[in-house]
Amino acid sequence: MNVIIIQPPFVQLNTAYPSGAYLSAFFKKLGHHTTWFDMSNELFLKIFSKEGLSKIFKISQEKALTLAQQAESKGQEETAFNLRRYINQKDQWISQIDLIIKILQQQNVPRELAHGFVFSPFTARGNRMENYIQNLDHSLTTDDAFTLASYALADLADFISVTLDNNFELIRYAEQVTSSSNNFLQIESTIHSPIMQEFYIPLLKEKICPKIQPGEKNLFCISVPFSGTFSAALATGKFIKNNFANDSFVCFGGGFINTELRNVQEIRLSEYCDALSYDRGYGSYQELLESRLIQTKDFEGTNCLPIYKMRFFTGQKVIPQLEEKPQIECFENEFTSTLLPDFSDIDFSRYPRMADSTNPMHRLWNDGAWIKAYMAHGCYWHKCAFCDTTLDYVKSFKMTNIEQLFFSLLDQAQKHNTFGIHFVDEAMPLTAMVKFAKLNIENGRKLNWWGNIRFEKCFTRDIADFLSYGGLIGVSGGIEVATNTGLDAINKGTDLDSIVASCCAFKEAGILVHAYMIYGFWYENDSNIIDSMETLRQFYKEGLLDSSFWHKFTLTKHSRVYNEWVQMKKSGTLKSDTIYSQLKPISSGSFLFAQNTLKFEGENKFNKFGFPLQQALNSWMNGQNIDMPVQQWFGFPVPKPTVPKNLISKSIQKYENFRDKEFSQSLENVPEEKLYWLGGTKYQINSNTFGWIYMGEEQSVPINSPKSAYRGKGLVKLP
């Protein structure tokens, strides 16, 4: 079987999304000829090239000048000037775009060329570039070329969105249309847009057609991780159906398909795909390949259907998936634990790195071509009330073989000259992190890695130091609600002291920390949000966080809270004094095409909090206005916080007391394999004293000191 895996555009710019790497490895392991195309990178390079920009300016020039004239008539002089400036400088934009891309691909651009790009008055610039220069806190240098190139791309993306295709963004396409449309026709219309027709369809023809042999059956696997990639997936499926209908079988899969289209009944999807594959896909594809449906498309054959977690679209009807099949589940679990991602089809040097923020933690997402993998499948906690805990990607926790994973990633890192690893999906388990760090240490500490964790008390100073030495450079995790009552309400499974302790340990070990925050839960009032905000402010005041982001709570059909609410209502156990009784979902009447998001009573009253919360957070992340009372960020009355001003500082003291107590304990009975020395080579200061440098500070102890004297100064105890 010829298998072609396609990642449609608008996922992310700086690296390949990992679903293709895992599917590629899976099909190759089964013996099928497999090719993986990352069309996200291909389309980016097609648009942001001399040929691409020439086409964009040719198509959009007339509209840009018309919009400028309209803006001028309304007194919007700056808008008119900016639009005309793009047209006036189009030749400069076209001539400098290759240099911009090379700078972002870090292709060793000579400094004299970077100097011209930064300083020349004839360099084409947009508003974002100029704002960056005007707000610099240092003199402009050629070192700013990387950031200016990033803003140059953003400026061009603004121009494309305004004058050519208003659905266009650098890392998403028609996201709002996909997530909010009742009518599938509205979503379909986006595939006829200028970007799709002028750039993407010709690119598909260029890349896909040479891979098709007439008369040979081809399985196309199209990954749809987010709503902002769905339009491009539809365009991809339509192109394949129009050109290779008799020789192709098209499947959509990925995060958006799993969550939003779990029970979709839209029969017109048959014009774009033959099936939707849910969850990991290994079991469903195995059954599909054994069924001969790819060859026959005989969907009425009783010997073929139903298939495990695969929904079919025949043109006349929708055939639902089989959700449980023990034999196939065993097969899938075995592959989950042993499958290693295969990035052999990816050239990481072609990906741009973006500097859209000065925040070091934010930069991790975009600045660096990370090799993405998962350390474990699913979440080992999978009990948070707001999360999609009924879906496989959360509830079905499976460990991977860490030793095999490490050596596979190290091998690919060396082949691709890309030594950063980003562990995606849910929380990395502690035991797996320790094992990965140890393997990295034993093999020359060649990898730097980061990923999602749960802020739990198991992350002690010993552990954090060891992980840092073993290559861990950053962690991201959900605090969600920064109060103990809120953490209990959402069943987070941890408490504020444990969160503070883990953040303290990470920061002392030099590890960057990002926290996800949520506001607008169904049970919240204004006071709850303000208390959470005040506690977050104290986290920043005490230096425990590098970055955060506020998300507004969204009720989903697959969340724990909704499923428990439904069960309680059906059984008559929904008591008025419980937190679940405060949830009042609103029936949508007719389902949206994307069916996971649900409305509930009172959710809109929290919309006004979004901008002030993010504005304050942006200020705190830059070390500004940290002592300003939180209620002053709002242009409307809010209650004063009820949490003590020293809540986090007292929690830090608890951590330090516990840490110091741990460090003072004897290590004489601890097995040697549980102890690890991170302090480098010791040297003799005098006849009685050993010395060494640990984390930049000189340490010393008497020569005959017990092991415990080295604790906290380079000697760590492992679990």
Side-chain angles (χ1 to χ4, degrees), residues 1-11 20 23 33-40 42-43 46-47 52 55 59 165 167-168 173-174 177-178 181 183-224 228-254 256-257 261 264 266-277 288 293-299 310-319 593:
M1 178 64 62
N2 187 37
V3 180
I4 299 175
I5 300 165
I6 300 176
Q7 175 55 69
F10 309 107
V11 182
L23 283 176
H33 181 269
T34 305
T35 307
W36 171 24
F37 290 103
D38 183 1
M39 299 303 286
S40 194
E42 297 291 347
L43 181 62
K46 182 67 71 173
I47 293 173
K55 180 184 284 190
I59 297 171
D165 190 335
N167 286 316
F168 179 81
Y173 189 87
V177 177
T178 299
S181 294
N183 193 331
F184 182 58
L185 290 173
Q186 293 177 287
I187 302 174
E188 280 185 302
S189 67
T190 62
I191 72 171
H192 304 295
S193 67
I195 288 293
M196 294 297 177
Q197 295 303 312
E198 296 291 336
F199 289 92
Y200 187 50
I201 299 303
L203 182 62
L204 285 171
K205 185 176 182 180
E206 173 190 332
K207 295 293 181 180
I208 303 302
C209 290
K211 295 294 181 180
I212 304 302
Q213 298 296 325
E216 182 181 16
K217 296 300 180 181
N218 303 277
L219 171 61
F220 288 88
C221 302
I222 300 174
S223 176
V224 194
T229 61
F230 186 58
S231 290
L234 291 177
T236 307
K238 191 76 168 180
F239 173 83
I240 295 167
K241 289 276 192 176
N242 287 346
N243 290 277
F244 315 111
N246 296 327
D247 299 323
S248 67
F249 194 97
V250 181
C251 290
F252 288 175
F256 178 77
I257 304 300
L261 305 187
V264 66
E266 179 54 65
I267 201 167
R268 291 195 57 174
L269 275 174
S270 62
E271 298 177 22
Y272 302 90
C273 67
D274 297 296
L276 301 182
S277 173
L288 176 67
L293 276 173
I294 295 175
Q295 289 80 7
T296 66
K297 292 192 179 180
D298 178 17
F299 296 106
M310 186 166 278
R311 174 169 290 227
F312 296 102
F313 298 83
T314 70
Q316 290 79 38
K317 63 181 180 179
V318 178
I319 303 173
F593 175 71

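Computed from heavy atoms alone, side chains included, the values below leave out hydrogens, waters and symmetry copies.
L261 has its side chain out of reach of E266: every pair of non-hydrogen atoms, C-beta onward, lies at least 4.5 Å apart. Here the side chains of M39 and L203 are in contact, with some heavy-atom distance below 4.5 Å. Within the 4.5 Å cutoff, the side chain of V318 has heavy atoms near those of the R311 side chain. Using a 4.5 Å heavy-atom threshold, the side chains of L234 and F184 count as touching. Counting only heavy atoms from C-beta outward, the side chains of L293 and F312 approach each other to under 4.5 Å. Between I4 and I212 there is a side-chain heavy-atom pair separated by less than 4.5 Å. C209 places a side-chain heavy atom less than 4.5 Å from the side chain of F244. The side-chain heavy atoms of F220 and T236, taken from C-beta on, include no pair separated by under 4.5 Å.
Atom CZ of residue F249 and atom SG of residue C273 lie 9.0 Å apart, to the nearest 0.5 angstrom. Distance CD/E198 to CD1/I201: 11.0 Å, rounded to 0.5 Å. Considering CG of D165 and CD1 of I59, their distance stands at 10.5 Å, rounded to 0.5 Å. Of the inter-residue distances, the one linking K46 atom NZ with F199 atom CZ reads 9.5 Å to the nearest 0.5 angstrom. In this structure, CG on D274 lies 9.5 Å from CZ on F252, to the nearest 0.5 angstrom.
Minimum interatomic distance between F313 and V264 (heavy atoms only, all atoms of both residues): CZ-CG1, 3.8 Å. Closest of all the heavy-atom pairs between I191 and Q197 is O-NE2, 2.7 Å. In plain terms, the two heavy atoms of A232 and Y200 that are nearest each other are O-CE2, 3.6 Å. Of all the heavy atoms in F37 and K207, the pair that sits closest is CZ-O, 3.5 Å. Closest heavy-atom contact between A233 and I222: CB-CG2, 3.9 Å. Nearest heavy-atom pair, A275 versus M310, reported as atom, atom and distance to 0.1 Å: CB-CG, 3.7 Å.
K217 contributes no side-chain N or O that, together with a main-chain N or O of M1, makes up a donor-acceptor pair within less than 3.5 Å. For the pair S248 (side chain) and V250 (backbone), a donor-acceptor distance under 3.5 Å is absent.
For F256, the ring-ring contact (aromatic ring centres under 6.0 Å, His included) test picks out F230, with sequence neighbours left out.
Screening L288, I294, L276 against C251 for a side-chain contact (heavy atoms from CB on, under 4.5 Å) leaves a single residue, L288. When each of E271, E188, H192 is checked for a side chain to side chain donor-acceptor pair (under 3.5 Å) with K238, only E271 meets the rule.
In the model, Y173 has a side-chain atom that pairs as donor or acceptor with a side-chain atom of S193 under 3.5 Å. Side-chain contact of N218 with N2: a donor-acceptor pair under 3.5 Å is present, judged by distance alone. Between the side chains of S40 and Q7, no donor N or O sits under 3.5 Å from an acceptor N or O.
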List the steps, then state whether side chain to side chain contact (heavy atoms under 4.5 Å, CB included) holds for I6 with I208. CA-CA 9 Å; I6 300 176; I208 303 302; 3.8 Å; yes
Start with the C-alpha distance between I195 and I47, add both sets of side-chain angles, then the distance that settles side chain to side chain contact (heavy atoms under 4.5 Å, CB included), and finish with yes or no. CA-CA 9 Å; I195 288 293; I47 293 173; 4.1 Å; yes
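Annotation: N242, atom CG; neighbour count of heavy atoms from other residues, nucleotides and ligands within 6.0 Å is above 12.
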